[in-house]
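This is the structure, below, for whatever I ask next.
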Amino acid sequence: MQDEQMTRMYEKMGISEKVYRFGRQMEEKLKERFAAIDRTAEYNQMKVIRAMQENRVSEGCFHYTSGYGYDDLGRETLEKVYASVFHTESALVRPQIACGTHALCVALAANLRPGDELLSPAGKPYDTLEEVIGIRPSRGSLAEYGVTYRQVDLLEDGTFDYENIRKAINERTKLVTIQRSKGYQTRPSFSVAQIGELIAFVKKIRPDLICMVDNCYGEFVELTEPSDVGADMVVGSLIKNPGGGLAPIGGYIAGREELIENCAYRLTSPGLGREVGATLGVMQSFYQGLFLAPTVVASALKGAILAANIYESCGFQVVPDGKESRHDIIQAVELGTPEGVIAFCQGIQAAAPVDSYVTPEPWAMPGYDSDVIMAAGAFVPGSSIELSADAPIKPPYAVYFQGGLTWPHAKLGILMSLEYLVRKGLVTL
Ligand SMILES: *Cc1c(COP(=O)(O)O)cnc(C)c1O
């Protein structure tokens, strides 16, 4: 195909020739990195297929079950598949887990008892966990049940403060929570190797401490997962990486048998545990989504890296920067002005397959202290493995964006965001 033909197609989509060529130049420079991402996806694809083969996934696993859901073959097999992928003894993978926060809440509440202490050795956890833990007073928090919390902040350079972590561990410490992705903070995300070092350090002090990793946004970014380097539990959302864009709901917890049993009794009920929980026909999407997840994550990663390089070369601060290695799929771009973040988000929205004709505007949202603008034209509402962006309207006017089920769509979204900034006169190419 002639480049001319492609340029025309992009023009029809609303991308000017100048923006298209700028993007193409940038893409040329990223060939080697993209090839490395494809190799990681290839490796992880084998890991997933092998897990499905070893556990004898069959068409019968996709059947609809309702009611109590006793002996749900699809559910039981999928949990074995997840355990194989994460190299853990056991896993809980359920549509009854409403989201990532719920999965994390179940994992914590199931394995902590009154008088126990929870330790976060890597600074403040994800916003929604503040209420789960009771850092911000909240109905039903762990604090209300007599579970205390201690936190050790990262050092200035973003590394672990080992000395103070050692001091923070006491006879009541029971569980250590480590968040792999920076989420919407400015600290760096942790590599699996860094998490492994932290776990080794903690276990040397107290081998019986339970190490849990919030794995949200990190799955399949690297060749290994935190459960390969000593994590006792890894936890995540199925409307992020491991659902591959197809899972319409759900969460997972994979880890040591005893801990996962506790989670099952907390999720359903003491005495019932993992035996109940009908799957209502979602199993096929869970399997197929997991099957697609490694290449979907690769698309999202390529999009994040393209955006980092494009916006960096336009003079904006980007986190991670254009060259840094990646440990999750989130990209932050500091656009510096409200007009900038609004144009960026409107561009992402305009490139969506769903709701492309709506114009996102900043709005007051519960739980935020400023207006927020969100762009998402997703098949699954709120899914952030699909191309999506959001930004609080406050300094430094940074937009966080992530996802992209296919690489061409991720690329279109980024080019469209640039197009909008160029049209507004906020960027000159
Ligand atoms: C998304 C996310 C969560 C919470 O997930 P929800 O599905 O939004 O409840 C927790 N931790 C991290 C790091 C996340 O990225």
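Start at 1 and go down the list; that is how both ligands and their atoms are numbered. As the structure is a computational prediction, the values presented were derived from the model and not from experiment.
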(message) Heavy-atom distances under 4.0 Å decide this one: backbone, side chain, both or neither, for Arg180 against ligand 1?
(response) neither
(request) Determine whether more than 12 heavy atoms belonging to other residues, nucleotides or ligands lie under 6.0 Å from atom NZ of Lys174. (result) yes
(message) With a 4.0 Å cut-off on N to O distance, would you call Glu312 and Lys323 a salt bridge?
(response) no
(message) Under a 4.0 angstrom heavy-atom cut-off, which atoms of ligand 1 come close to Gly100?
(response)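 Contacts of ligand 1 toward Gly100, numbered from 1: 5 (O), 6 (P), 7 (O), 9 (O).
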(request) Classify the contact between His102 and ligand 1 as side chain, backbone, both or neither, using a heavy-atom distance cut-off of under 4.0 Å. (result) neither
(message) I need the atoms of ligand 1 closer than 4.0 Å to a non-hydrogen atom of Tyr217, numbered in the order shown.
(response)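 Taking each heavy atom of Tyr217 in turn, ligand 1 has 15 (O) under 4.0 Å.
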(request) For ring pair (Phe, Tyr, Trp, His ring centres under 6.0 Å), just list the numbers for Phe190 and Phe160, CA-CA rounded to whole Å, side-chain angles, deciding distance to a tenth of an Å, and then say yes or no. (result) CA-CA 10 Å; Phe190 303 126; Phe160 304 123; 4.8 Å; yes
(request) Please write down residue, atom name and distance for the protein heavy atom closest to atom 9 (O) of ligand 1. (result) Thr101 OG1, 2.5 Å
(message) For Lys302, is there an ion pair with Asp38 - N to carboxylate O distance below 4.0 angstrom?
(response)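 The answer is yes: the pair qualifies as a salt bridge.
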(request) Provide the number and element of each atom of ligand 1 under 4.0 Å from a heavy atom of Cys99. (result)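 Those qualifying, in numeric order: 7 (O), 9 (O).
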(request) Could you list which atoms of ligand 1 come closer than 4.0 Å to a heavy atom of Gln179? (result)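 Result: 13 (C).
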(message) Heavy-atom distances under 4.0 Å decide this one: backbone, side chain, both or neither, for Asp214 against ligand 1?
(response)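 The side chain, only.
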(message) I need the nearest protein heavy-atom contact for atom 14 (C) of ligand 1: residue, atom name and distance, please.
(response) Lys240 NZ, 3.0 Å
(message) So if I count the atoms of ligand 1 from 1 in the order they appear, which ones are less than 4.0 Å from some heavy atom of Leu104?
(response)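 In order of number, 10 (C).
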(request) Show your working on side chain to side chain donor-acceptor pair (under 3.5 Å) between Ser90 and Arg274 and close with a plain yes or no. (result) CA-CA 11 Å; Ser90 187; Arg274 56 202 312 165; 3.0 Å; yes
(request) List the steps, then state whether side chain to side chain donor-acceptor pair (under 3.5 Å) holds for Thr406 with Ser299. (result) CA-CA 5 Å; Thr406 70; Ser299 300; 6.0 Å; no
(message) Any donor-acceptor pair under 3.5 Å linking the side-chain atoms of Tyr400 with those of Gln402?
(response) no
